[in-house]
Amino acid sequence: MTDEQPLRYRLITGPDDATFCERISGLLDQGYQLYGSPSVTFNGSTVIAAQALVWGPGSGE
């Protein structure tokens, strides 16, 4: 991240694979918290996941 204020809300999407999990884990390490449950869908060949994350008071800043 840059010196700018982190976004308060992020929605991360992508194939449900190790890279997706690494992206979420990295944001959790930066101080984001999961917001709600993940969502998944199938596009005919791949499972696509989405996870919302939030930043703010009480988020482990």
Side-chain angles (χ1 to χ4, degrees):
M1 292 219 133
T2 65
D3 291 334
E4 296 178 17
Q5 180 72 16
L7 295 172
R8 290 180 52 213
Y9 175 87
R10 303 274 310 259
L11 178 64
I12 306 302
T13 61
D16 186 18
D17 59 12
T19 300
F20 179 82
C21 294
E22 289 168 1
R23 290 173 65 198
I24 299 298
S25 294
L27 289 166
L28 293 172
D29 289 344
Q30 292 176 27
Y32 282 89
Q33 284 190 337
L34 300 176
Y35 184 78
S37 299
S39 296
V40 293
T41 190
F42 184 67
N43 70 3
S45 61
T46 305
V47 174
I48 304 297
Q51 177 64 61
L53 299 105
V54 294
W55 179 277
S59 67
E61 302 178 47

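Because only heavy atoms are used, hydrogens play no part in the values below, and waters and symmetry mates are left out as well, while side chains stay in.
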Q. Under the side chain to side chain contact (heavy atoms under 4.5 Å, CB included) criterion, do R10 and W55 qualify, and how do the steps go?
A. CA-CA 9 Å; R10 303 274 310 259; W55 179 277; over 6 Å; no

Q. How far apart are the C-alpha atoms of L11 and L53, what are their side-chain angles, what is the distance that settles it, and do they pass the side chain to side chain contact (heavy atoms under 4.5 Å, CB included) test?
A. CA-CA 6 Å; L11 178 64; L53 299 105; over 6 Å; no

Q.
What verdict does the side chain to side chain contact (heavy atoms under 4.5 Å, CB included) test give for L34 and V54, after you've listed the backbone C-alpha separation in whole Å, the side-chain angles of each residue and the deciding distance to 0.1 Å?
A. CA-CA 7 Å; L34 300 176; V54 294; over 6 Å; no

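Legend: side-chain hydrogen bond (donor to acceptor under 3.5 Å, both in side chains) pairs involving residues 11-20, not counting sequence neighbours: none detected.
Connection of L7 to I12 is established within a shared hydrophobic cluster, with ILVMFWY side chains joined at heavy-atom distances below 4.5 Å, either directly or through further cluster members.
More than 12 heavy atoms of other residues, nucleotides or ligands sit less than 6.0 Å from atom OH of Y9.
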Show me the donor-acceptor pairs within less than 3.5 Å that the side chains of residues 42-51 make with the rest of the protein, sequence neighbours left out.
unit_1: N43; atom_1: OD1; unit_2: S45; atom_2: N; d: 3.0
unit_1: N43; atom_1: OD1; unit_2: S45; atom_2: OG; d: 3.3
unit_1: N43; atom_1: OD1; unit_2: T46; atom_2: N; d: 2.8
unit_1: Q51; atom_1: NE2; unit_2: G36; atom_2: O; d: 3.2

